[in-house]
> 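This is the structure, below, for whatever I ask next.
In each ligand, atom 1 is the first atom listed, and ligand 1 is the first ligand listed.
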Amino acid sequence: LGTGAPKGGEDVAMFIPLFFVPQGVDYMFGIVGIPVTEIAFAAQELGIRYIGMRNEQAACYAASAIGYLTGRPGVCLVVSGPGLIHALGGMANANMNCWPLLVIGGSSERNQETMGAFQEFPQVEACRLYSKFSARPASVEAIPSVIEKVQYLIAVRSSIYGRPGACYVDIPADFVNLLVNVNSIKYTECCMSPPVSMAETSAVRMAASVIRNAKQPLLIIGKGAAYARAEENIRKLVEQCKLPFLPTPMGKGVVPDNHPNCVGAARSRALQFADVIVLLGARLNWILHFGLPPRYRPDVKFIQVDICAEELGNNVRPAVTLLGDINAVTKQLLEEFDKIPWHYPPESKWWETLREKMKSSKAASQELASKKSLPMNYYTVFYHVQEQLPRDCFIVSEGANTMDIGRTVLQNYLPRHRLDAGTFGTMGVGLGFAIAAAVLAKDRSPGQRVICVEGDSAFGFSGMEVETICRYNLPIILLVVNNNGIYQGFDTDTWKEMVKSQDATIVAPPACLLPNSHYEQVMIAFGGKGYFVQTPEELQKSLTQTLADTTKPSLINIMIEPKATRKAQDFHWLTSSKM
Ligand code: ADP
Ligand code: MG
C-alpha cells in the first residue's frame, strides 16, 4: 500500500478489512493492538483520517458523533475481546440515539476458536443487542469474492438506511494479513444515499387540517430533524404558520434558540397546555415525559412524523401519523399550507401565556446569575460563558445540573451543533464527542471552536482523552464545572472534618469526589492551557484569553458552590408528580 504498494497482479495484504473505504467513510477512531494494528496503518495510508484514542469507549462515542454530524458513519476500530467490549457502550449509545456507526473489531484466529484463544469472545453475538446489523464476513475460501465486500456494504448501508443505527463487522485475525491478488479485488461502489420517503397524501392533508384547527399548537423539534437536515423547511413552517416551537436538547439549533417563536424557556407550560403537538423527529420517551398527563393534556392531539413505522403510536394514540423523511414530510405540509394559506394568530391567548412564562422564567435565571456570592452558582457561570460563546461553536455537554442548567442558558444558533448525554443519558460521552466535532471543525471550517461543558464527575469518565486532544492539537475548550461531586459535593473544610478522625474509605459519601481537584493540571500536563477559576472575574478573563488563543486546547476548571442546584421547577425531574 502507499508508495511502496504492489501494482496489479501482486499479492498484497490488508485489502480485505478495508472494503469500507469506497463507502464514503472518512473517519476512523480506535486503539491499535493485535490484530488490528495493520488495519489502522493501512487506513491512514488510504487517506482515512485515523484518530488514536485512549479508551475504546470514547473512540466509539467519537465515531458515532461523526455519523450524526455528517450522515455517513464514522468507524470505530477495536481489538478483540476487551477492546470490543469497551466499545459496546458507544454502540449502545449510538443505537439508542439512532445514529449511524460502523464498529470494526478484530477477533481471534478462526482455527483457535473455542480453544481459549487470545481475547476470544463471541463478538458477533455480543454486538447484536447493541446494533441493527452484526456479522463476520464469510469463510476464507470465498476471499476475495463479493461476499466480504457485501458485508461492509450492508453494514454501511444498514447504518444509514431507515432508522439509523450501529453496525458491527468482525474481522478474524487470520483475515488481517491474508495475501490476496490485487487483480481479484473488485471494490464495491459506494452505497447510494438513503432513499427519501414521503407520507401518504391523505395523512398530510389531515395533519394540516388538525394544525389549522388547533387552539394551542406546538411544534417539537427533535434530533431526528437535525439528523434529517430539515432545518430549512422546518424554519419555513415555523415562520409561515407562525407556530411556537420547542427544541429537544439536541434539536436545539435546527431553528435558532433566539428565534422569536422558540418557547424553550416555557417548556413545561408549552407541553402541559398544548392541544395539538407536531413531533418532528422526537420520541415520546422519558425526555418528553412519555406524552402523558400530568405533563400533557389528556386530550392533546399528537401528529407524529418519523421515519420508523414502529415508533408511531408509542405511548400515545396519535391523531395523525406521517411516516417518512422529516425534510420531505415538512415540505409536504408546507405545500398544503401554500394551497390554502393559513397562519396561527400571533396575538392569541396561547402566545400571551407562553410569553409571560418565558419572561418570568428568564427573569428568575437572570436573578440567580446576578448573585455575587462565592463560590459561584451554575447560572452565574453559564451567563458568563454565554456572553463570550462564539455563535458558530459546537457545544458538547454532559453532567447532571451542568448539562440541564447549561442547556437552558447556552444558546445554539446552528443545527447539529449540540451533542450531549442524549436518549440513553450516557455520562462519559463528552470528550469523545468533542474530539469528533473538533476533527470535523479542523477539516471543514478552520477557526471553529468546540466548547465542551463538563461536570467534574462527567469529565472523569474519559479524562485521559485530554492527551488525545493535545496530541492532535484540537480546537477544544473544556469547561469543568466543578462542585466536588456527583450531583453535589462538599467544600474542602467539611471534607477535611469528615475524614479527620476516620478513614476516608469508611466515611466518604458515594456522591462526593475529592474537593478542590485541579483538573486543569491534566491539560497542562500535556501542553495545553489550564485555568483554575473561583470568581466571575477570573472566569471572564480566562474565557477571553482562551478564545483569543487559537494555538492550543485549554481547560478551565470552574469552582462552584458544592450545594448549588437548579431554580425551582414546576415538576420534579424524571417524575410525573408535581412538586
Ligand atoms: P430527541 O432525543 O431529540 O427527542 P429522538 O432520538 O427521541 O429525538 O427521536 C429521533 C427520531 O427521529 C427517531 O424516532 C428516528 O426514527 C427519527 N428519525 C431519524 N432520522 C429521520 C428522518 N430522516 N426522517 C424522519 N425521522 C427520522
Ligand atoms: Mg459535579
> Counting from 1, what ligand 1 atoms have a heavy atom of Ala228 closer than 4.0 Å?
22 (C), 23 (N)
> Using a 4.0 Å heavy-atom cut-off, which part of Lys223 comes near ligand 1: side chain, backbone, both, or neither?
both
> Would you tell me whether Tyr378 and Asn483 have side-chain atoms, one donor and one acceptor, within less than 3.5 Å of each other?
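Side chains of Tyr378 and Asn483: pair found under 3.5 Å.
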> Without swapping roles, check the side chain of Glu561 against the backbone of Lys563 for a donor-acceptor pair under 3.5 Å.
yes
> Report the part of Ile326 (side chain from C-beta onward, or backbone N, CA, C, O) that has a heavy atom under 4.0 Å from ligand 1; answer both or neither where that applies.
both
> Quick check on contacts: which atoms of ligand 1 are under 4.0 angstrom from a heavy atom of Arg283?
4 (O), 5 (P), 6 (O), 7 (O), 9 (O), 14 (O)
> Is there a heavy atom in Met250 that sits closer than 4.0 Å to ligand 1?
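So Met250 does not count as touching ligand 1.
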> Has Gly485 got an N/O/S atom less than 2.8 Å from the Mg ion (ligand 2)?
yes
> Give the name of the N/O/S atom in Asp456 that lies closest to the Mg ion (ligand 2).
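Looking only at N, O and S atoms of Asp456, the one nearest the Mg ion (ligand 2) is named OD1.
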> Name the residue from Asn412, Leu237, Asn261, Ile234 that meets the side chain to side chain contact (heavy atoms under 4.5 Å, CB included) definition with Val255.
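When side chain to side chain contact (heavy atoms under 4.5 Å, CB included) is applied between Val255 and each of Asn412, Leu237, Asn261, Ile234, only Ile234 qualifies.
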> Quick one about Thr423 and Asn97 (side-chain donor to acceptor, distance below 3.5 Å, no hydrogens or angles considered), yes or no?
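Per modelled atom types, Asn97 and Thr423 side chains form a pair under 3.5 Å.
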> Check the surroundings of atom OH in Tyr68: do more than 12 heavy atoms from other residues, nucleotides or ligands lie under 6.0 Å from it?
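Yes - once you tally the heavy atoms of other residues, nucleotides and ligands closer than 6.0 Å, there are more than 12.
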> Any luck finding a side-chain donor-acceptor pair between Asn557 and Glu520 under 3.5 Å?
yes
> Considering only non-hydrogen protein atoms, determine which one is nearest to atom 14 (O) of ligand 1 and report residue, atom name and distance to 0.1 Å.
Asp306 OD2, 2.5 Å
> For Tyr227, counting its heavy atoms only, list the atoms of ligand 1 lying under 4.0 Å from any of them.
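Per the distance check, 20 (N).
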> For atom 26 (N) of ligand 1, what is the closest protein heavy atom, and at what distance to 0.1 Å?
Ile307 N, 3.0 Å
> Quick check: does Asn483 have an N/O/S atom under 2.8 Å of the Mg ion (ligand 2)?
yes
> Given side-chain contact (heavy atoms from CB on, under 4.5 Å), test Asp275 with Arg297 step by step and report yes or no.
CA-CA 7 Å; Asp275 68 343; Arg297 287 162 55 136; 3.6 Å; yes
> Looking at Glu232, I want to see if its CD is surrounded by more than 12 non-hydrogen atoms of other residues, nucleotides or ligands under 6.0 Å.
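No, CD of Glu232 has 12 or fewer neighbouring heavy atoms, counting only those of other groups under 6.0 Å.
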> May I ask whether Gly324 has any heavy atom positioned less than 4.0 angstrom from an atom of ligand 1?
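Within the 4.0 Å threshold, so yes.
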> Tell me which one of Thr380, Leu543, Val453, Leu479 satisfies side chain to side chain contact (heavy atoms under 4.5 Å, CB included) with Ile558.
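The single option meeting the side chain to side chain contact (heavy atoms under 4.5 Å, CB included) with Ile558 is Leu479.
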> Suppose I only count heavy atoms of Gly222 and a 4.0 Å limit; which atoms of ligand 1 are within that range?
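Matching atoms, with element in brackets: 3 (O).
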> Does the distance from a Lys or Arg side-chain N to an Asp or Glu carboxylate O, for Arg235 and Glu231, drop under 4.0 Å?
no
> Nearest non-hydrogen contact with atom 9 (O) of ligand 1 belongs to which option: Gly281, Pro164, Gly224?
Gly281
> So, regarding Asp325 and ligand 1 (criterion: nitrogen or oxygen to nitrogen or oxygen, under 3.5 Å), is there a contact or not?
yes
> Closer than 4.0 Å to some heavy atom of Thr248 - which atoms of ligand 1 meet that?
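By the 4.0 Å cutoff, the relevant atoms are 1 (P), 3 (O), 4 (O).
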